[in-house]
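This report refers to the structure that appears directly beneath it.
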Amino acid sequence: MTRARRELTAAVAGCGIAGGLALSAGGQAWATATVVRRAPLPPVTEELAGTELAALVPACGLLLLAAAVAVVAVRGRARQVVGLLAAAGGATLLWSGVQGLATTPGAGDLPDGVAAGATAVEVSRSVAWPVLTALAGALAVAAGVLALVRGRTWSGMGRRYERATVAAPAAAGTREDRALDAWRALDRGEDPTADDDPPPAGPPPGGAPAGGAPAGGAPGEDPGPPPAGTVRRRL
C-alpha cells in the first residue's frame, strides 16, 4: 500500500470512527438530576442526555460520517473542502466535550414540567461520555487536517475500477434468438434456411437467354427443325 493510500485510509477511518463515537456518546446520559420539590410533592429524578446538554454533538456525528464517504468520492480541492468541514466538526465536538466536563447542569437544563416547583437540584455527572466526545473531536480534527493538507495528492478509490471502454462489434444473437427467428419465418411461410442474398444474375438453367427467349433466336421466331438425332416427345 502506497503512502497516499495509507493517508486516505486513515482520513476515512478517522472521520468514520469519530462520527460513530459522537452519535453513540450523544445518546447517553451525561448527567442525572434529582429535583427536590415542595411538600407534599416527591422528588423527581431526570436523566440529561448529551443531545440535551450539547445539541451539536449528534449533528457533528452525522457530518463526520458523511465526510468519511465524501473523502473517497471527491478529489482535488473538493476533498480539501471536505477536510475543512471535518476539522470544523471535530473542533465543535472537542469544544462540546470540554464544556460538558467544565459545566454543571442546572435547573435551566431541566424540562419545564420537572423544574416547576423545584426547591433544590442535585446533579450527578458522568465524565466518560464528555471525555469520549472530546476524544472523537480530536480524532476528527486530525483526520480533517490530514485531508485538508494532503487530500489533493490522493487518487480516488474508484480509479482502480475504471476501465477503458472499447467499442465491440454487435454480438450475434444467442441460440435461443436464432431459434425464435426461424419459427417466426416458418409462420410467415418462409424458408429459414434459405440464403438472404439474391441469386447472382446470369443465364437461366439450360443455356436459355434471359427474358424467356429460346436459344439461338429472337423472341417469337420459329426455332426451326431440331438437329439430327433429336427425338421430339409429344406432350
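The shortest side-chain heavy-atom distance between Leu93 and Leu64 falls under the 4.5 Å cut-off. With contacts defined as side-chain heavy-atom distances shorter than 4.5 Å, the pair Val98/Trp95 does not qualify. Residues Leu135 and Leu21 are not in side-chain contact: their nearest non-hydrogen atoms beyond the backbone lie 4.5 Å or more apart. Under the 4.5 Å side-chain criterion, counting only non-hydrogen atoms from C-beta, Leu65 is in contact with Leu23. With contacts defined as side-chain heavy-atom distances shorter than 4.5 Å, the pair Thr51/Val57 does not qualify.
Residues Pro130 and Val127 share a closest heavy-atom pair of CD-O, 3.3 Å. Here the closest non-hydrogen pair linking Ala136 and Ala18 is O-CB, 3.3 Å. In terms of heavy-atom proximity, Ala86 sits nearest to Ala67 at CB-CB, 4.2 Å. Closest heavy-atom contact between Val72 and Ala68: CG2-O, 3.8 Å.
The OG1 atom of Thr2 lies 11.5 Å from the CH2 atom of Trp154; values are rounded to the nearest 0.5 Å. The CG atom of Leu63 lies 8.5 Å from the SG atom of Cys15; values are rounded to the nearest 0.5 Å.
In the hydrophobic clustering of this structure, Leu146 does not group with Val141; members are Ile, Leu, Val, Met, Phe, Trp, Tyr whose side-chain heavy atoms approach within less than 4.5 Å, directly or through other members. Under the 4.5 Å side-chain contact rule for hydrophobic residues, Trp129 and Leu53 share a cluster.
Of the options Thr133, Leu48, Leu101, a side-chain contact (heavy atoms from CB on, under 4.5 Å) to Trp30 is made by Thr133 and by none of the others.
Under the salt bridge (charged side-chain N to carboxylate O under 4.0 Å, His left out) criterion, the residue pairs touching residues 124-151 are Glu7-Arg150, with sequence neighbours excluded.
In terms of modelled atom types and a separation under 3.5 Å, the side chain of Thr103 and the main chain of Gln99 share a donor-acceptor contact. A donor-acceptor contact shorter than 3.5 Å is absent between the side chain of Arg79 and the backbone of Arg152. For the pair Glu47 (side chain) and Thr32 (backbone), a donor-acceptor distance under 3.5 Å is absent.
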